[in-house]
**Student:** 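Please find one structure pasted underneath; my questions will follow.
Per chain, numbering begins at 1; letters A, B, ... match sequence-line order. The figures here come from the full heavy-atom set of this structure, side chains too, leaving out hydrogens, waters and symmetry mates. If you're wondering where the values come from, they're calculated on a predicted model, not measured in any experiment.
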Protein chains: 2
Amino acid sequence: MSGTSEGQMERGGKPAEVRRRSGVGPSVDALGQDLAHEAWALLFEVMHAHMRNFPALAAEFELSPVQAHVVRQLGEGPLAMSTLATYLSCDASNVTGLVDRMEVRGLVERRSSEHDRRVKMLVLTEAGAALRERLLERLAEPPAVIANMPEGDLKSLRDIMRRARER
Amino acid sequence: MSGTSEGQMERGGKPAEVRRRSGVGPSVDALGQDLAHEAWALLFEVMHAHMRNFPALAAEFELSPVQAHVVRQLGEGPLAMSTLATYLSCDASNVTGLVDRMEVRGLVERRSSEHDRRVKMLVLTEAGAALRERLLERLAEPPAVIANMPEGDLKSLRDIMRRARER
DNA sequence: TATTGTTATACTCTATAACTATA
DNA sequence: TATAGTTATAGAGTATAACAATA
């Protein structure tokens with residue numbers, strides 16, 4: 001469930017254009033454009049192009065996009081199936097088949113929890129961990145749009161995102 | 001249950017930092033971290049949570065993620081099926097079923113091209129265009145991580161992304 | 001009774017290959 | 001022959017519902 005989505009529904013309320021010019025809410029610049037909206041639109045545009053490439057990136061490792069996500073998550077330590085389902089924002093029933101396929105390929109293992117015998121903990125195999133290292137290095141490669149930025153922009157961007165993460 | 005299961009504990013580990021080899025790639029700062037890599041990692045982390053929410057956002061309009069993408073693309077004007085396949089980075093055969101489902105829902109129409117009768121052009125119906133307007137407004141809403149930024153950061157971010165887009 | 005993981009079922013997205021109707 | 005779109009088929013991700021084992 002997406003907890004942030006309800007407060008934004010417009011059921012007879014004022015459309016976004018009206019709010020933008022009303023002077024209520026965030027700062028408005030000289031063009032009458034909400035600054036946050038503009039920055040977000042630009043960021044979205046830049047990130048969208050890159051995110052669309054993610055399936056192809058995962059395929060470089062013969063992983064589906066979701067499998068790549070799982071490999072990434074699982075590096076932090078053992079994870080219960082149900083916890084993984086929460087992280088993936090999907091129903092627990094899907095995790096069974098997902099893990100089945102990854103187990104067949106020797107990437108993950110199911111281990112029964114000793115505390116609660118209903119629970120199965122997932123861990124990366126040695127092969128899975130090795131694959132994860134390569135995947136993380138590949139993910140860490142900045143796309144051209146970032147790599148081509150001048151040093152000043154990179155430093156500003158880094159600092160802005162550091163602050164954003166702290167909030 | 002004291003210390004009985006170190007190996008089974010969930011999320012017990014430390015975040016595995018990606019180690020950067022020095023001397024590889026562009027400039028390296030005092031920490032031995034490549035600046036572009038660091039900025040990219042932060043941006044990726046901040047954006048990742050939001051991008052993962054896209055299926056739920058599309059579902060607010062009873063669209064699959066791909067259908068939402070199509071509605072967005074189709075606003076620019078009529079599009080050949082094959083061109084849409086290129087934009088979606090998928091095989092043309094998939095577009096048939098995709099458009100079938102959207103046509104049944106009255107969101108798009110197929111129109112035979114007059115120049116080349118093999119080609120079918122896709123256009124949004126009136127209902128599809130109306131849905132697109134609502135979808136674009138929803139997509140334009142900045143997530144909390146952006147909306148909560150101070151004005152100075154927002155302006156810097158906007159300017160950096162404007163420059164990046166021009167390159 | 002409630003929870004964890006599984007199974008069964010159905011729908012969508014995706015790829016490959018074979019087909020059609022045009023060009 | 002080559003191209004645009006379709007159909008057939010298969011595999012993967014997703015949701016809901018019913019179920020067994022365990023708590």
Side-chain angles (χ1 to χ4, degrees), chain A residues 1-2 51-73 78-105 107-123, chain B residues 1 8 10 51-71 73 78-105 107-123:
Chain A
M1 217 167 305
S2 63
M51 289 302 183
R52 234 175 45 191
N53 195 46
F54 187 72
L57 193 155
E60 292 174 22
F61 301 88
E62 294 178 274
L63 296 173
S64 74
V66 175
Q67 286 171 342
H69 193 191
V70 171
V71 166
R72 198 166 145 270
Q73 289 280 3
L79 221 60
M81 305 272 287
S82 58
T83 308
L84 182 57
T86 302
Y87 284 178
L88 295 176
S89 306
C90 77
D91 191 85
S93 62
N94 300 309
V95 177
T96 298
L98 178 63
V99 169
D100 281 350
R101 291 183 284 272
M102 294 181 73
E103 203 169 30
V104 165
R105 282 189 50 190
L107 298 175
V108 302
E109 268 182 27
R110 284 171 164 96
R111 292 188 192 162
S112 286
S113 167
E114 293 151 11
H115 305 305
D116 185 337
R117 286 159 67 195
R118 295 173 300 180
V119 174
K120 289 176 187 169
M121 306 300 290
L122 299 176
V123 290
Chain B
M1 52 189 81
Q8 305 275 342
E10 193 169 353
M51 290 303 184
R52 235 177 42 190
N53 194 46
F54 187 74
L57 192 156
E60 293 174 24
F61 301 88
E62 295 177 273
L63 296 172
S64 74
V66 175
Q67 286 171 343
H69 193 193
V70 171
V71 166
Q73 289 280 1
L79 222 58
M81 306 271 287
S82 57
T83 308
L84 182 57
T86 301
Y87 284 177
L88 296 175
S89 305
C90 76
D91 190 86
S93 62
N94 300 308
V95 178
T96 298
L98 178 64
V99 169
D100 281 350
R101 292 183 283 272
M102 296 181 72
E103 203 168 29
V104 165
R105 282 189 51 190
L107 298 176
V108 301
E109 268 182 27
R110 283 172 165 97
R111 292 187 191 163
S112 286
S113 167
E114 295 151 6
H115 305 305
D116 185 336
R117 287 157 67 192
R118 293 173 303 182
V119 175
K120 290 176 186 169
M121 305 300 289
L122 299 175
V123 290

**Student:** D:dA17 C1' sits how many Å from A:Asn94 CG, rounded?
**Tutor:**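 A:Asn94 atom CG is separated from D:dA17 atom C1' by 13 Å.
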**Student:** Do A:Ser93 side-chain and D:dT16 base share a donor-acceptor contact under 3.5 Å?
**Tutor:**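 Looking at the base of D:dT16, it does pair with a donor or acceptor on the side chain of A:Ser93 (distance under 3.5 Å).
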**Student:** Whole-Å distance between D:dG5 C1' and B:Leu122 CG?
**Tutor:**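 After rounding, the reported distance stands at 11 Å.
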**Student:** If you compare every side-chain N and O of A:Arg105 against the phosphate oxygens of D:dA12 (OP1, OP2), does one of them come in below 4.0 Å?
**Tutor:**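 No, no such contact exists.
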**Student:** With the side chain counted from C-beta on, respond yes when A:Cys90 and A:Val95 share a heavy-atom pair under 4.5 Å apart, and no when they do not.
**Tutor:**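 They are in side-chain contact.
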**Student:** Using only heavy-atom distances, decide whether a donor-acceptor pair under 3.5 angstrom links the side-chain of A:Arg117 to the base of D:dT22.
**Tutor:**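 Check fails, no donor-acceptor contact within cut-off.
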**Student:** Taking C-beta and beyond as the side chain, do A:Val66 and A:Asn94 meet within less than 4.5 Å on heavy atoms?
**Tutor:**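 No - every pair of side-chain heavy atoms lies 4.5 Å or more apart.
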**Student:** How many whole angstroms separate atom NZ of B:Lys120 from atom P of C:dT20?
**Tutor:**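 One finds 15 Å between P of C:dT20 and NZ of B:Lys120, rounded.
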**Student:** Using a heavy-atom cut-off of under 4.0 Å over every strand shown, decide if A:Thr96 touches base, sugar-phosphate, or nothing.
**Tutor:**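 If one applies the 4.0 Å heavy-atom cut-off, A:Thr96 turns out to touch a base.
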**Student:** Please check this pair: side chain of B:Arg52 against backbone of A:Tyr87, looking for a donor-acceptor N/O pair closer than 3.5 Å.
**Tutor:**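 At least one qualifying donor-acceptor pair exists.
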**Student:** Rounded to whole Å, how long is the line connecting atom CG of B:Leu88 with atom P of C:dT12?
**Tutor:**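 Result: 16 Å.
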**Student:** Under a 4.5 Å cut-off applied to non-hydrogen side-chain atoms, are B:Leu122 and B:Gln73 in contact?
**Tutor:**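 Answer no - side chains too far apart.
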**Student:** For B:Met102, is there any backbone N or O sitting under 3.5 Å from a side-chain donor or acceptor partner on B:Gln67?
**Tutor:**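 Side chain of B:Gln67 to backbone of B:Met102, a donor-acceptor pair under 3.5 Å: no, none is there.
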**Student:** Mind calculating the distance between CG (A:Asp91) and P (C:dT4) to the nearest angstrom?
**Tutor:**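 Whole-Å distance recorded here is 12 Å.
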**Student:** Check whether any side-chain nitrogen or oxygen of B:Ser64 sits under 4.0 Å from OP1 or OP2 of D:dT14, and answer yes or no.
**Tutor:**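 Checking D:dT14 against B:Ser64, no side-chain N or O comes under 4.0 Å of OP1 or OP2.
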**Student:** Which whole-number value in Å describes the distance from B:Asp100 CG to D:dG5 C1'?
**Tutor:**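 Spelled out: CG on B:Asp100 to C1' on D:dG5 is 11 Å.
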**Student:** Heavy atoms from C-beta onward define the side chain here; which of C:dT6, C:dT12, D:dG5 lies closest to that of B:Arg101?
**Tutor:**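 Side chain of B:Arg101 sits closest to C:dT12.
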**Student:** Between B:Asp116 and A:Arg118, who's closer to the 5' end of DNA chain C by nearest nucleotide?
**Tutor:**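 Its nucleotide being nearer the 5' end, the pick is A:Arg118.
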**Student:** Quick one: B:Met121 CE to D:dG5 C1', roughly how many Å, whole number?
**Tutor:**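 The distance from CE of B:Met121 to C1' of D:dG5 comes to 14 Å, rounded to the nearest Å.
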**Student:** Figure out the CG/P separation between A:Leu98 and D:dA15, and round it to whole Å.
**Tutor:**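 Rounding to the nearest Å, CG of A:Leu98 and P of D:dA15 are 12 Å apart.
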